[in-house]
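Only a predicted model underlies this, so the values are computations on that prediction, with no experimental measurement involved. Below, all heavy atoms of this structure are taken into account, side chains as well, without hydrogens, waters or symmetry copies.
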Amino acid sequence: MMSFFISIEEYDKRIDNWIDTMKEKVGINFAEEAQMHIKEEYSTFDWVIEEMLHKSGFKFDIRHKDDFSAVYYCKKK
């Protein structure tokens with residue numbers, strides 16, 4: 001299984017880079033909305049949930065994944 005885990009020290013930099021990229025590609029208004037969503041709605045990124053499942057001892061298959069959502073089939077190892 002490929003892991004996309006990043007350390008907590010890298011988290012802020014990774015998010016800031018993502019927001020900066022959004023500003024360039026889709027505009028500042030959308031980037032600001034995304035930033036507010038991250039701060040207030042606590043979205044879980046795929047690399048976060050997949051690492052949590054892995055560290056919790058689950059084997060999982062990704063049944064569906066797009067830019068908005070994912071469906072996992074999980075089984076305790």
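Separation of atoms SG (Cys74) and NE2 (His54) is listed at 13.0 Å; rounding is to 0.5 Å. For the atom pair CD of Gln35 and CD1 of Ile28, the computed distance is 9.5 Å after rounding to the nearest 0.5 Å. For the atom pair Asn17 CG and Glu10 CD, the distance stands at 10.5 Å (nearest 0.5 Å).
Placement of Tyr73 and Leu53 in two distinct hydrophobic clusters is found when ILVMFWY residues are connected by side-chain heavy-atom separations under 4.5 Å, directly or transitively. Hydrophobic clustering places Ile19 together with Val48 (ILVMFWY residues linked when any side-chain heavy atoms are closer than 4.5 Å, directly or through intermediates). One hydrophobic cluster, built from ILVMFWY side chains closer than 4.5 Å, holds both Trp18 and Phe30.
Of all the heavy atoms in Lys59 and Lys77, the pair that sits closest is N-CG, 3.8 Å. Nearest heavy-atom pair, Lys76 versus Phe58, reported as atom, atom and distance to 0.1 Å: N-CD2, 3.7 Å.
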| field | Intermediate values then yes/no, side-chain contact (heavy atoms from CB on, under 4.5 Å), Glu50 and Lys55 | value | CA-CA 9 Å; Glu50 289 170 12; Lys55 285 186 174 187; over 6 Å; no

| message | Between Ile49 and Phe60, is the side-chain contact (heavy atoms from CB on, under 4.5 Å) condition met? List the steps. | response | CA-CA 11 Å; Ile49 195 70; Phe60 61 92; over 6 Å; no

